[in-house]
Engineer: 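Take this structure first; my questions come after.
Order of listing sets the numbers, starting from 1, for every ligand and every atom in it. This one's a predicted model, so the numbers in the text were calculated from it and none came from an experiment.
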Amino acid sequence: MTPASEHTEAVEALLHENRHFPPSAAFAAAATTDASIYAEASRDPEAWWAEQARTLAWERPFTTTLEWEVPFARWFADGTLNASVSCVDRHVAAGRGDKVALHWVGEPEGDRVDITYADLLVRISQAAHALTALGVRTGDRVAIYLPMIPEAVVAMLACARIGATHMVIFGGFAPDAIADRVLDADARFVVTADGGYRRGAAAALKPQVDDALRRCPEVAAVLVVRRTGQEVTWVEGRDHWWHELVEAQPERHEAEAFPAEHPLFIMYTSGTTARPKGIVHSTGGYLTQAATTHRIVFDIKADTDICWTSADVGWITGHSYVVYGPLSCGATVLMYEGAPNHPEPDRFWDIIDRHGVTIFYTAPTAIRAFMRWGDDYVKKHSLKSLRLLGSVGEPINPEAWMWYHTLIGKKRCPIVDTWWQTETGCIMVTPLPGITATTPGSCTLPFFGVVPKILDEQGHEVPRGGGGKLFLKNPWPSMLRTLWGDDERFKKQYWSELPGYYFAGDGARFDADGYLWVVGRIDDVLNVSGHRIGTAEVESALVSHPSVAEAAVVGRPDELKGQALVCFVTLKNNFTAAPELKEQLRAHVAKEIGSLARPDDVRFAAGLPKTRSGKIMRRILKEIAAGGIVKGDTTTLEDFNVVAALQAQEE
Ligand code: WTA
């Protein structure tokens with residue numbers, strides 16, 4: 001792990017940011033909450049969370065709020081509920097069945113469907129029956145590998161309805177990555193599609209699943225949505241068409257309630273080892289925080305807002321702010337299947353105007369891409385329906401923040417820069433619109449009950465202004481409960497850095513006003529275009545290629561992607577460094593993990609810089625990758641010639 005002090009320079013630059021944007025009087029006057037909420041919630045955060053939890057539909061009300069045996073938390077544990085009932089049935093029962101739950105927009109123009117809460121309930125009920133007919137039982141894991149189509153939401157909520165734990169795998173993952181996840185979670189059922197649309201073409205999905213399942217003989221059934229009409233190969237007895245099986249099922253389904261701690265879903269994410277971690281989320285605590293943060297952070301007016309979170313449901317942002325947050329609030333979600341630049345780079349702005357989107361939540365990497373495509377694409381559209389903007393996934397650079405504020409928000413919309421993680425489940429640090437003055441680049445203040453601490457290498461609190469490692473002190477309702485099947489790894493990964501504190505893996509600091517600035521990962525995780533990629537995962541993919549002897553992967557700052565993937569590779573004796581081999585290695589990593597992990601740069605080296613004890617000195621490689629001269633301490637370096645050779649190659 002790199003010391004947090006390395007990030008000091010980057011933070012230093014950010015801290016010169018002194019622009020403040022107080023909430024506008026007009027926004028504040030109409031906001032659903034005011035500043036008194038801080039005092040109210042901080043008096044007794046646990047009691048406050050219990051009050052929020054009671055806004056969900058409980059079958060058996062809970063009587064306990066939090067049981068905390070570090071690091072295992074149980075929230076509302078003696079209560080029972082069904083997440084799909086809280087997200088859908090209760091809105092229908094309250095007479096809001098005709099309200100649109102999903103405005104779905106396909107990538108091909110004109111391809112769209114509006115689904116009301118009543119329609120959604122029917123679709124979920126039928127899918128729940130279908131899953132049961134395939135043999136799915138409460139407690140089973142179901143893998144979902146789908147494009148951004150309504151069936152993704154329906155499948156997630158149908159699993160929730162029958163108490164099956166869903167595990168959504170992002171559609172960009174390659175067969176091996178799918179198989180690793182299916183095997184780790186021991187999932188016996190898969191929901192997929194023939195394909196999905198991306199940049200004007202139909203991209204196939206089922207072949208990836210077919211390929212992955214060769215390694216997963218326990219998978220008993222695959223439910224296949226027909227989206228593109230592509231040819232598919234069919235395994236008789238295992239594969240079933242969604243439109244044949246689901247649409248033939250009864251339209252009503254009696255939902256059963258499950259304990260609050262029942263695992264709602266597993267979401268795999270990259271960590272410091274090659275094996276991805278199965279983050280386990282609960283039902284009651286997770287849903288409480290998803291609903292509450294959605295309502296408060298996005299200032300939701302459920303009757304009129306149209307909320308668009310541009311993330312894929314294959315990531316945590318999609319889970320919490322495309323599905324569980326907005327639906328539990330009874331809001332209307334806009335869901336878009338495809339690329340932001342199809343058919344033209346103004347597709348997002350066209351969608352916003354056409355559908356009257358009021359709340360738009362996206363990632364800095366997307367904002368930087370829009371900036372690059374040029375202001376003219378934005379100026380063609382009025383964007384007058386927008387009233388609030390959000391950012392998530394990586395630190396937002398002040399230039400991108402200002403562009404978002406000026407060009408998209410027309411200086412009228414507050415921006416909520418929200419810091420959180422797959423592990424935290426929901427938003428943790430964020431401004432509150434209408435209340436908190438914002439500063440470009442800072443995610444500002446913790447949400448209620450969240451206690452961030454900046455600590456140094458010795459575990460001492462760093463005074464305001466100083467950089468250190470970001471920890472969280474108190475438990476929160478949507479915190480991960482464990483890593484699937486591996487409590488020990490859960491303890492070691494998150495709770496061993498400083499016993500009793502959750503280690504976030506990020507470097508950060510508080511400024512003089514007590515605002516939090518998160519600078520980025522300080523473990524071996526890279527953030528490439530908002531996607532978390534473990535360097536160890538890429539290294540292990542590289543060494544699985546016959547030509548590679550040793551590999552080290554580091555991040556290089558990248559204007560568009562945040563970080564770019566740079567791989568240093570030493571070759572086995574009988575292979576020669578050649579441009580074609582670089583291409584082969586890039587393709588190999590994409591094939592092993594998925595195109596999201598395709599290296600930006602592969603560099604051949606005769607040797608990698610190592611300490612005398614044989615540890616690869618990544619700090620040096622990072623400096624070389626960034627094109628800089630190696631400055632830091634190299635006294636532990638075993639062979640300085642290695643560095644000289646690598647640098648010479650750069651020039
Ligand atoms: C980074 C995405 C700065 C951070 C919800 C974190 C951020 C990782 C922000 C989690 C933000 C997320 N400012 N950094 N507003 N939001 N990050 O698990 O490094 O995909 O640890 O969850 O993204 O990424 P993950």
Engineer: So does Lys469 pair up with Glu457, basic N to acidic O under 4.0 Å?
Structural biologist: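 Yes, Lys469 and Glu457 are salt-bridged.
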
Engineer: N/O of Arg521 under 3.5 Å from N/O of ligand 1, yes or no?
Structural biologist: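 Min N/O separation from ligand 1 is below 3.5 Å for Arg521.
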
Engineer: Take every heavy atom of Gly505, measure it against each atom of ligand 1, and state whether any distance is under 4.0 Å.
Structural biologist: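 Not so, Gly505 does not reach ligand 1.
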
Engineer: Apply the side chain to side chain contact (heavy atoms under 4.5 Å, CB included) test between Thr418 and each candidate in Thr317, Ile427, Thr293; give the one that qualifies.
Structural biologist: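 The passing option is Ile427.
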
Engineer: Can you check which of Met267, Glu423, Glu394 brings a heavy atom nearest to atom 11 (C) of ligand 1?
Structural biologist: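 Answer by nearest heavy atom: Glu394.
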
Engineer: Which protein heavy atom lies closest to atom 19 (O) of ligand 1, and at what distance to 0.1 Å?
Structural biologist: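 Going by distance alone, atom 19 (O) of ligand 1 is nearest to Asp506 OD1, 2.7 Å.
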
Engineer: Can you find an N/O atom of Arg532 closer than 3.5 Å to an N/O atom of ligand 1?
Structural biologist: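 Yes, there is a polar N/O contact under 3.5 Å.
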
Engineer: Do ligand 1 and Asp417 have nitrogen or oxygen atoms that lie under 3.5 Å from each other?
Structural biologist: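 For ligand 1, there is an N or O atom that lies under 3.5 Å from one belonging to Asp417.
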
Engineer: Looking at every heavy atom in both Ala83 and Tyr324, which two are closest together, and how far apart are they?
Structural biologist: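 Shortest heavy-atom separation between Ala83 and Tyr324 comes out as CB-CE2, 4.3 Å.
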
Engineer: Indicate yes or no: does Glu394 engage Arg368 in a salt bridge with an N to O separation below 4.0 Å.
Structural biologist: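 Between Arg368 and Glu394 there is a salt bridge, with a charged N closer than 4.0 Å to a carboxylate O.
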
Engineer: Under 4.0 Å from any heavy atom of Val392, which atoms of ligand 1 are there?
Structural biologist: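 With Val392 as reference, the close atoms of ligand 1 come out as 5 (C).
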
Engineer: Regarding ligand 1, does Gly393 bring an N or O atom to under 3.5 Å of one of the ligand's N or O atoms?
Structural biologist: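 Checking ligand 1 against Gly393, an N or O pair does fall under 3.5 Å apart.
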
